[in-house]
**Student:** 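Supplied in structure tokens, the structure appears directly below.
All values reported here derive from a predicted model rather than from experimental measurement.
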Amino acid sequence: MALDRYPEIDADEGEVVDAEVAVTDDVLVKAFVLGPGATLDPHEHADSTNVFHVVEGTVTVLQDGEEEQVSAPGVVLHERGVGHGARNDGDETAVLTASLCPMPG
């Protein structure tokens, strides 16, 4: 049995690739690989808190109209209803996970 659920995924320039890492009744964790120049479009979750964990590289985190570069290891909290997204402004692939709690119902 392997406990490590970190997926082996990659993205090309301008591409966002995602994979579900963990899904239960009350949490969703997804991995997002952002190729150079890729953007995870801003969005919001009205009934869930979202947490980004930057695990590889550097991403520009977008939150409620603001931008900030966050490098691995980095953690960013997005409260319920706050618009958020991410962009890779670098030349290397960047990876983040996003945890959504509780699961929208």
**Student:** If a pair satisfies salt bridge (charged side-chain N to carboxylate O under 4.0 Å, His left out) and one of its residues is in residues 60-78, list it, with sequence neighbours excluded.
**Tutor:**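 Qualifying pairs: Glu67-Arg87.
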
**Student:** In chain order, what residues pass the salt bridge (charged side-chain N to carboxylate O under 4.0 Å, His left out) check against Asp12, with sequence neighbours excluded?
**Tutor:**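 Checked Asp12 against salt bridge (charged side-chain N to carboxylate O under 4.0 Å, His left out); zero matches.
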
**Student:** Measuring from atom OG of Ser99 to atom CG of Asn50, what distance do you get when rounded to the nearest 0.5 angstrom?
**Tutor:**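 Reported to 0.5 Å precision, the distance equals 7.5 Å.
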
**Student:** Per the salt bridge (charged side-chain N to carboxylate O under 4.0 Å, His left out) rule, what does the pair list look like for residues 23-33, sequence neighbours excluded?
**Tutor:**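 Applying salt bridge (charged side-chain N to carboxylate O under 4.0 Å, His left out) to every pair that reaches into residues 23-33, excluding sequence neighbours, yields Asp18-Lys30.
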
**Student:** Val29, Val75: one ILVMFWY side-chain cluster at the under-4.5 Å cut-off?
**Tutor:**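 In one cluster with Val29: Val75, no.
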
**Student:** If the test is side chain to side chain contact (heavy atoms under 4.5 Å, CB included), which one of Val33, Thr39, Leu34 qualifies with Val16?
**Tutor:**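 Going through Val33, Thr39, Leu34 one by one, the side chain to side chain contact (heavy atoms under 4.5 Å, CB included) with Val16 is satisfied by Leu34 alone.
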
**Student:** Is Val61 reachable from Leu77 through a run of I, L, V, M, F, W or Y residues, each pair having side-chain heavy atoms under 4.5 Å apart?
**Tutor:**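 Not linked; separate clusters.
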
**Student:** Side-chain heavy atoms nearer than 4.5 Å, only ILVMFWY residues, links allowed to pass through others: does that put Phe32 and Leu28 together?
**Tutor:**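 In one cluster: no.
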
**Student:** Following the transitive rule for hydrophobic clusters with a side-chain heavy-atom cut-off under 4.5 Å over Ile, Leu, Val, Met, Phe, Trp and Tyr, establish whether Leu100 and Leu96 coincide in one cluster.
**Tutor:**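 No, no single cluster joins them.
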
**Student:** Could you tell me the separation between the OG1 atom of Thr60 and the CG atom of Asn88, rounded to the nearest 0.5 Å?
**Tutor:**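 Interatomic distance, Thr60 OG1 to Asn88 CG, rounded to 0.5 Å: 7.5 Å.
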
**Student:** Please report the shortest heavy-atom distance between Val82 and Glu44, naming the atom on each side.
**Tutor:**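 Taking every non-hydrogen atom into account, O-CB, 3.8 Å.
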
**Student:** Could you give the distance from CZ (Arg80) to NE2 (His45), rounded to the nearest 0.5 Å?
**Tutor:**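 Arg80 atom CZ to His45 atom NE2 measures 12.0 Å (nearest 0.5 Å).
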
**Student:** Parallel, tilted or perpendicular, judged at 30° and 60°: which one describes the rings of His78 and Phe52?
**Tutor:**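 Correct class here is perpendicular.
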
**Student:** How far does CD of Glu92 sit from OG1 of Thr58, to the nearest 0.5 angstrom?
**Tutor:**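 Going from CD on Glu92 over to OG1 on Thr58, the span is 10.5 Å.
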
**Student:** Atom CD of Gln63 and atom CD of Glu79: how far apart are they, to the nearest 0.5 Å?
**Tutor:**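 Here the interatomic distance stands at 8.5 Å.
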
**Student:** Let me know which of Val55, Val59, Ile9, Val54 forms a side chain to side chain contact (heavy atoms under 4.5 Å, CB included) with Val95.
**Tutor:**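 It is Val55, the one option of Val55, Val59, Ile9, Val54 that forms the side chain to side chain contact (heavy atoms under 4.5 Å, CB included) with Val95.
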
**Student:** Can you tell me how far CG of Asp10 sits from OG1 of Thr93, rounded to the nearest 0.5 angstrom?
**Tutor:**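 Here the interatomic distance stands at 5.0 Å.
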
**Student:** So which heavy atom on Gly35 is nearest to which on Ala11, and how close?
**Tutor:**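 Reported closest heavy-atom pair: N-CB, 3.6 Å.
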
**Student:** Would you name the heavy atoms of Gly14 and Ala38 that are closest together and state the gap between them?
**Tutor:**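 Of all heavy-atom pairs spanning Gly14 and Ala38, the closest is C-CB, 3.6 Å.
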
